[in-house]
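Excluded from the calculations below are hydrogen atoms, water molecules and symmetry mates; all remaining heavy atoms, backbone and side chain alike, are included. Note that the structure is predicted; figures quoted are calculated from it, not measured. Atoms within each ligand, like the ligands themselves, are counted from 1 in listed order.
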Amino acid sequence: MPNNDPDAKPRILTGDTPTGRLHLGHWVGSLENRVALQDRYDCYFLIANMHAFTTRADKPAEIRESVIDIVKDWISCGMDPERSTFVLQTEVPAIAELTWFFAMLLPFNRVMRNPTLKTELETKGLGDNYSFGFPMYTVGQCADILAFRPELVPVGEDQVAHIEPCREVARRFNQLYCGIDPHTEDADYPGAGAVFPIPHAKIGRVGRLVGTDGVNKMSKSLNNAIFLSDTPKQIKKKMGQLFTGRQTMDEPGDIHNALFDYVRIFIRDPERVAELERRYAAGDNIGDGHVKAEVAEAIDELIAPMRERRAEYEKPGGDDLAIDILKAGTRRANEVAEETLAMAKDAMQMDFGKRGELLPA
Ligand code: TRP
């Protein structure tokens, strides 16, 4: 499937690591963008199960379960396997091979300076005993992306630090092996004969969603998440527990607390948001409880259609259905990734026979 067809849609690649079910932070950070971009782009959505092993090598059963949960989360939130391609990382061998090539193009110190990697080392308490594979995943992420030669990578804010090295690797590869002049503008690489376009990140509507503790970024491990698979009752309860935080307000539009972050993010009628802000600031017989209930309702409105789409996959046989979708997508993904690998190997003068020629059938 060469991408030189002028009518071909530009590609997107993005993905999730299967370390738990997806929550509202994922939705506003990236999923919402993915759903919206599906018609205009040829989308590849990747489940990075290898990456899950970098910190959870002792939990294969949990990772397996989470892979299936993520397929269900994706479908339920409106990512459509008919229009987009769902990909399982470990069944795309070209990604693993490209990871090796790219590891040679990134200085070790550059990898270790990645702020997202540093934060993870701290928040996950990995200390000095993290595996070699842990920092390696950042190189692997370059391969996840570049295997599909995408234009755009829709991600949450925390992932931008991973996209930058990917862009550096792409430039370096193209300069070293495709004879591209280092002064070439990013946008001009494809026209100049590069194997890899220089992709860019696209950040979601909300870079960082605060969790129901009112302080930290929403995260499964911090127990402050509202999941896309939560029941109306769970949503109501979690919203009720939202820590509102200290209020500093000069103007109604100036209410700075977690609750009003939620109001502005999840209540989609701007007039209603303004009214709530005005009444809340004026102390106009409207308390946290009332506002929380209204936000819970808005969140439930968002999640109700997801719940409906999910129902089919919660029945017996639902897991197999999800796995079949993933297999069909991965097959399509391998067509693109194999083509990329062949292009990369040719450029690197590894032209010693076609893929498959030297492998057992
Ligand atoms: N590291 C990403 C996360 O934890 C998941 C991921 C893996 C990814 N490979 C990717 C995201 C490639 C974008 C592109 O959220």
Discussion item. Other members of the hydrophobic cluster containing Ile180, with the 4.5 Å side-chain heavy-atom rule, please.
Written reply: Tyr189, Ile198
Worksheet item: Which heavy-atom pair separates Lys292 from Gly240 by the least distance, and what is that distance?
Response: NZ-O, 3.0 Å
Discussion item. Under 4.0 Å from a heavy atom of Leu13: which atoms of ligand 1 are those, numbered in the order shown and with their elements?
Written reply: 12 (C), 14 (C)
Discussion item. Donor-acceptor pair, distance only, cut-off 3.5 Å: does the side chain of Glu357 make one with the backbone of Lys354?
Written reply: yes
Fill in: Arg268 with Glu32: basic N within carboxylate O range, under 4.0 Å
yes
Item to complete: Report the nearest protein non-hydrogen atom to atom 9 (N) of ligand 1: residue, atom name, distance rounded to 0.1 Å.
Response: Asp144 OD2, 2.7 Å
Worksheet, complete the sentence: Near Ile145 (heavy-atom distance under 4.0 Å), the atoms of ligand 1 are 12 (C), 14 (C)
Worksheet item: How would you list, by chain and number, every residue that makes a ring pair (Phe, Tyr, Trp, His ring centres under 6.0 Å) with Tyr262, sequence neighbours excluded?
Response: Phe266
Discussion item. Tell me whether His51 has any N or O atom under 3.5 angstrom from an N or O of ligand 1.
Written reply: no
Response to the item:
In this structure, atom 2 (C) of ligand 1 is nearest to the protein heavy atom Gln159 OE1, 3.2 Å
Fill in: Protein heavy-atom partner closest to atom 4 (O) of ligand 1 - residue, atom, separation in Å
Thr17 OG1, 3.0 Å
Worksheet item: So Asp186 and Arg171, salt bridge (Lys or Arg N to Asp or Glu O under 4.0 Å) or not? Walk me through it.
Response: CA-CA 8 Å; Asp186 285 349; Arg171 288 189 201 104; 2.8 Å; yes
Worksheet item: Do His51 and Phe134 make the cut of ring centroids closer than 6.0 angstrom?
Response: no
Worksheet item: Of all the atoms in ligand 1, which lie at a distance below 4.0 Å from a heavy atom belonging to Ala48?
Response: 7 (C)
Worksheet entry | Atoms of ligand 1, numbered as shown, that sit under 4.0 Å from any heavy atom of Val155 | 13 (C)
Fill in: ligand 1 to Gln141 polar contact by distance, N or O atoms, under 3.5 Å
yes
